[in-house]
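Residue numbers start at 1 and run along the sequence shown. Atoms considered below: every heavy atom in the structure, side chains included; atoms not considered: hydrogens, waters and symmetry mates.
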Amino acid sequence: MSIFFGVDYYPEHWPRERWETDASMMREMGLQVARLGEFSWARFEPRMGEFHFEWLDEAIEILGKNGISTVLGTPTAAPPAWIIEQNPEILPVDSDGLVKSFGGRHHDCQSNPAYREHVGRLVTAMAGHYRDNPDVIGWQIDNELGNSHENLCMCDSCKAHFQQWLKKKYKTVETLNREWGTCFWSQDYDKFEQVPVPRKTPTAHNPSLLLDWKRFCSDLIVDFQDFQVDIIREICPHHFITHNMMGLYDKTNYFDLGRNLDFASNDQYPTGYYFESGEGQPDFEISACLDFIRGVKKKNFWMMELEAGPTGGAIIGRTPRPGQLRLWTMHCVAHGADTIVYFRWRTCTVGTEQYWHGILPHSGIPGRRYEELKKTIAEMVPVMEDIHGVVTKAQVAVLFSYDQDWAFQIQPHHPELSYVDQIKKYYDGFYKRNVPMDFISEKDDFTAYRLVIAPLQILMTPELEEKFENYVSNGGNLVLTMRTGVKNINSVCEMDRELPGNLGRLTGLVIRDYDCLLDMEVEVEWKNGRERGKARKWCDIVTLKGAEALAEYKGEFYKDTSAVTVNGFGKGKAFYIATEPDGPLMDRLADYLISELSLQNWGTSPDGVELTVRNGRKNDYMFAINHTNKAQSLEIDQTWRPVSPGCQGTVREYGVEVFTRAAREDKNGQ
């Protein structure tokens with residue numbers, strides 16, 4: 001049986017006599033699965049080796065009798081007080097050298113051997129207990145790995161593990177010294193044991209050390225997850241295993257984290273109180289996160305936590321407007337979610353998240369949010385039965401690299417220059433034109449795409465250079481941007497060639513100078529002389545070596561030099577964007593590439609209305625998603641017919657209209 005809708009449930013937060021009522025209401029709502037247990041370690045093991053699963057057994061049985069399966073979370077994000085009392089060395093250490101206290105969650109060091117022993121004992125006991133329970137179908141490892149560990153952990157255990165990681169990578173300390181350039185500021189090491197973790201220093205650490213530290217931290221988190229995965233796989237081979245990721249969050253390399261999972265999952269809170277705008281997360285950013293999670297495994301995903309009410313702890317975010325819960329549900333489905341699990345069932349009355357609202361309020365009495373989601377589920381089940389497991393393929397791919405991201409976190413060049421923001425900027429340029437996009441890593445097959453967009457490729461390897469060249473030579477189209485080919489993979493600047501290094505042959509240009517645009521912008525004019533935009537944050541100053549200028553700077557000492565170029569290479573084309581384009585320049589660039597390369601899009605729509613297609617077995621489905629607070633008019637190709645007979649060519653505020661047509665054999669639209 002396919003699972004379409006579920007909820008995150010915490011029976012331990014409520015009286016036992018309420019459990020049957022909750023399960024019955026879930027069944028009536030159309031829910032099929034519940035995630036349980038991911039923060040319940042103290043209840044499972046109140047004392048070392050003394051396990052109590054009977055309370056959860058009862059909750060699982062009650063849910064099962066109501067047709068609701070269970071996904072278990074391993075509760076390793078919140079080790080109980082007795083473990084910290086017994087092994088205080090488990091507490092993490094920050095970059096100031098300060099030990100963090102017990103409390104909250106993620107108060108743990110994931111490299112600590114004593115903590116690994118505790119984790120192994122608990123996960124083994126849980127897996128053994130639930131391996132044959134017919135109502136348990138899968139597992140979520142930990143919870144949002146990397147969350148709360150941004151400045152952690154730099155304890156002696158992590159230091160020793162980091163040094164071993166470096167020894168495995170570089171083999172000899174002499175190689176490390178050479179690759180890092182430790183001759184600068186007298187930082188040569190005689191042995192790996194001298195290499196520090198990057199705690200606060202009077203100035204700044206070597207960028208090569210910082211980059212390898214970020215790689216090590218990611219690898220450690222992946223290893224911590226895989227340690228649990230291996231236990232569960234051996235004991236429960238018939239259960240699926242996933243993890244709830246966080247979109248474009250970049251503490252952990254999700255391509256690596258997803259490698260041993262059956263599928264990726266995601267958490268999304270569109271009105272989260274932590275966003276700059278009171279309106280919450282921009283719609284294009286949510287779409288990018290969803291497309292990215294689909295790209296982690298190149299398959300559809302679960303939404304393991306989707307906002308069901310206002311979020312908050314000390315501060316509370318905006319309340320979802322009528323229609324937004326339906327919109328977010330369909331938004332996730334449109335971008336590849338096969339299963340939607342809402343967070344949470346009932347708003348908790350205690351603890352840090354007592355204002356992180358669920359489907360039900362504190363009172364447990366169903367209201368507007370419950371009714372809206374109940375209707376949404378009934379509406380969507382027939383669609384999801386058709387599309388479940390069918391992966392929709394795009395013609396355009398965005399190359400996402402954690403190494404490039406981390407390199408710019410360490411040395412952003414401009415105070416406001418961010419790798420992830422550049423990724424989102426290029427994504428948004430095509431998203432506004434309803435062009436479907438995938439996310440890929442450096443290891444993926446570029447040839448499956450008509451266009452690959454690869455911003456800020458500051459770190460370069462011979463292998464990636466060759467892959468770019470082969471892709472374009474064989475007919476692909478590649479967008480590269482400013483700061484490409486500046487450093488090697490260990491964050492050392494290239495010294496034997498002009499920028500962009502060996503990619504100069506591919507791009508047909510060299511860069512002999514550049515300008516960081518602090519507190520200023522430079523005007524840019526498109527080649528037709530009519531359209532203008534602004535160069536922001538950075539300007540690579542380009543000398544053409546065969547490439548053609550598509551746009552030129554119209555200011556500063558590099559006036560009339562190229563800001564955007566194209567170079568024919570073999571059967572394909574390489575485009576170079578020498579700056580960060582402002583809105584008008586990005587619009588012109590996206591329009592040019594869509595027209596020049598005949599890229600698939602799903603038609604035009606008003607600002608704030610997204611058109612996205614999900615393929616099915618019998619039918620394809622177009623979702624017209626109105627992210628705005630006003631009704632919008634639509635003009636949909638006549639080959640599509642509305643699923644709702646009352647659709648009159650408009651989509652209401654925070655509304656979604658679904659259109660369908662017979663499924664095409666060509667799922668890629670190539």
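Scanning for side-chain contact (heavy atoms from CB on, under 4.5 Å) contacts around Asp428 gives Phe284, Tyr431, Lys432, with sequence neighbours left out. Judged as a side chain to side chain donor-acceptor pair (under 3.5 Å), and not counting sequence neighbours, Ser473 has no contacts. Legend: residues meeting side-chain contact (heavy atoms from CB on, under 4.5 Å) with Asn474, ordered by chain and number and at least two apart, are Asn470. Contacts of Asp267 classified as salt bridge (charged side-chain N to carboxylate O under 4.0 Å, His left out), with partners at least two apart in sequence or in another chain: none. Arg326 pairs by the salt bridge (charged side-chain N to carboxylate O under 4.0 Å, His left out) definition with Glu379, not counting sequence neighbours.
Without hydrogens or angle criteria, Asn601 side chain to Asn434 main chain gives no donor-acceptor distance under 3.5 Å. Formation of a donor-acceptor pair under 3.5 Å by the Lys298 side chain with backbone atoms of Ile440 is not found in this model. Between the side chain of Tyr576 and the backbone N or O of Val479, no donor-acceptor pair lies under 3.5 Å. Proximity of a side-chain donor or acceptor of His243 to a complementary backbone N or O of Leu145 within less than 3.5 Å is detected. A distance-only check finds no donor-acceptor pair linking the side chain of Thr579 to the backbone of Cys539 [under 3.5 Å]. A donor-acceptor pair under 3.5 Å links the side-chain atoms of Lys299 to the main chain of Asp262, judged by distance alone. With hydrogens and angles ignored, the 3.5 Å screen pairs no side-chain donor or acceptor of Asn615 with any backbone N or O of Thr392. Using a distance-only test at 3.5 Å, with no hydrogens or angles considered, no donor-acceptor pair links the side chain of Lys424 to the main chain of Ala288. A donor-acceptor distance shorter than 3.5 angstrom exists from the side chain of Lys251 to the backbone of His149, with no hydrogens or angles considered. The closest donor-acceptor contact from the side chain of Asp142 to the backbone of Ala77 lies under 3.5 Å.
Shortest non-hydrogen contact noted between Asn206 and Ser208 is OD1-N, 2.8 Å. Of all heavy-atom pairs spanning Asn300 and Gly389, the tightest one is ND2-C, 3.6 Å. The nearest pair of heavy atoms linking Gly508 to Asn567 is N-ND2, 3.5 Å. Scanning both residues, Asn143 and Arg105, for their nearest heavy atoms gives ND2-NH1, 3.7 Å. Across all their heavy atoms, Ser562 and Ala549 have their closest contact at OG-CB, 3.3 Å. Pro606 and Gln632 get closest at one heavy-atom pair: CB-OE1, 3.5 Å.
Side-chain contact of Glu307 with Thr271: a donor-acceptor pair under 3.5 Å is present, judged by distance alone. Donor-acceptor pairing under 3.5 Å is lacking for the side chains of Lys537 and Gln422. Defined by atom type and a distance below 3.5 Å, a donor-acceptor pair is present between the side-chain atoms of Asn151 and Ser95. For the 3.5 Å distance criterion, the side chains of Tyr427 and Glu285 fail to qualify, holding no donor opposite an acceptor. Side-chain contact annotation: Gln409 with Asp250, donor-acceptor N/O pair under 3.5 Å present. A donor atom on one side chain and an acceptor atom on the other are not found under 3.5 Å apart for Ser218 and Asp256. Side-chain atoms of Thr339 and Trp302 include a donor-acceptor pair closer than 3.5 Å. Donor-acceptor pairing under 3.5 Å is recorded for the side chains of Tyr342 and Thr329.
Ring geometry, His413 versus Trp538: the interplanar angle falls from 30° to 60°, so the pair is classed tilted. Ring planes of Tyr249 and Tyr254: tilted class, angle from 30 to 60°. Under the 30°/60° scheme for interplanar angles, the aromatic rings of His335 and His331 are found to stand perpendicular. Under the 30°/60° scheme for interplanar angles, the aromatic rings of Phe216 and Trp165 are found to stand perpendicular. Between Phe400 and Phe255, the ring planes lie tilted relative to each other; the angle falls in the 30° to 60° range.
Side-chain contact check for Leu480 versus Phe468: some heavy-atom pair is nearer than 4.5 Å. Contact check for Asp540 versus Leu499: no side-chain heavy atoms found under the 4.5 Å cut-off. Proximity of Leu517 to Glu556: side-chain heavy atoms (C-beta onward) are nowhere separated by under 4.5 Å. Looking at heavy atoms from C-beta onward, Val333 lies out of side-chain contact with Tyr621 at the 4.5 angstrom threshold. In this structure the side chain of Phe301 reaches within 4.5 angstrom of the side chain of Leu290, judged on heavy atoms. The closest side-chain heavy-atom distance from Arg215 to Tyr402 is not below 4.5 Å. For the pair Ser441 and Ser401, the minimum side-chain heavy-atom distance is 4.5 Å or more. Counting heavy atoms from C-beta outward, Met482 and Tyr514 have side chains that stay 4.5 Å or more apart.
Using a 4.0 Å cut-off between a side-chain N of Lys or Arg and a carboxylate O of Asp or Glu, Arg588 and Asp591 do not qualify as a salt bridge. The residues Arg614 and Asp338 are annotated as salt-bridged, a charged nitrogen and a carboxylate oxygen being separated by less than 4.0 angstrom. Using a 4.0 Å cut-off between charged nitrogen and carboxylate oxygen, Glu498 and Arg512 count as a salt-bridge pair. The existence of a salt bridge linking Lys169 and Glu179 is excluded, since no basic side-chain nitrogen approaches an acidic carboxylate oxygen closer than 4.0 Å. Under a 4.0 Å N-O distance rule, the pair Asp587/Arg433 qualifies as a salt bridge. Using a cut-off of 4.0 Å between Lys/Arg side-chain N and Asp/Glu carboxylate O, Arg536 and Glu416 are scored as not salt-bridged. At a threshold of 4.0 Å, the pair Glu523-Arg532 counts as salt-bridged, since one of the basic side-chain nitrogens sits closer than that to a carboxylate oxygen.
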Show, in sequence, the C-alpha distance, side-chain angles and deciding distance for Asn266 and Phe292, and conclude whether the side-chain contact (heavy atoms from CB on, under 4.5 Å) test is met. CA-CA 10 Å; Asn266 191 47; Phe292 177 76; over 6 Å; no
Please walk me through it: do Leu464 and Gln457 pass side-chain contact (heavy atoms from CB on, under 4.5 Å)? CA-CA 10 Å; Leu464 186 55; Gln457 298 291 297; 3.6 Å; yes
How far apart are the C-alpha atoms of Ile410 and Lys214, what are their side-chain angles, what is the distance that settles it, and do they pass the side-chain contact (heavy atoms from CB on, under 4.5 Å) test? CA-CA 10 Å; Ile410 295 163; Lys214 286 181 176 290; 4.0 Å; yes
Side chain to side chain donor-acceptor pair (under 3.5 Å) between Glu305 and Tyr269, intermediate numbers included: CA-CA 8 Å; Glu305 296 182 18; Tyr269 294 94; 2.4 Å; yes
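Taking the ring axis of Phe446 as reference, the NZ or CZ atom of Lys467 stays within 45° of it and closer than 6.0 Å to the ring centre.
The neighbour count for Asp607 CG, taken as heavy atoms of other residues, nucleotides or ligands under 6.0 Å away, does not exceed 12. With a 6.0 Å radius and a threshold of 12 heavy atoms from other residues, nucleotides or ligands, Tyr592 has its OH atom above the threshold. Around CG of Leu518, the count of heavy atoms belonging to other residues, nucleotides or ligands within 6.0 Å exceeds 12.
Listed by first and then second residue, the salt bridge (Lys or Arg N to Asp or Glu O under 4.0 Å) pairs that reach into residues 272-283 are Glu279-Arg318, sequence neighbours excluded.
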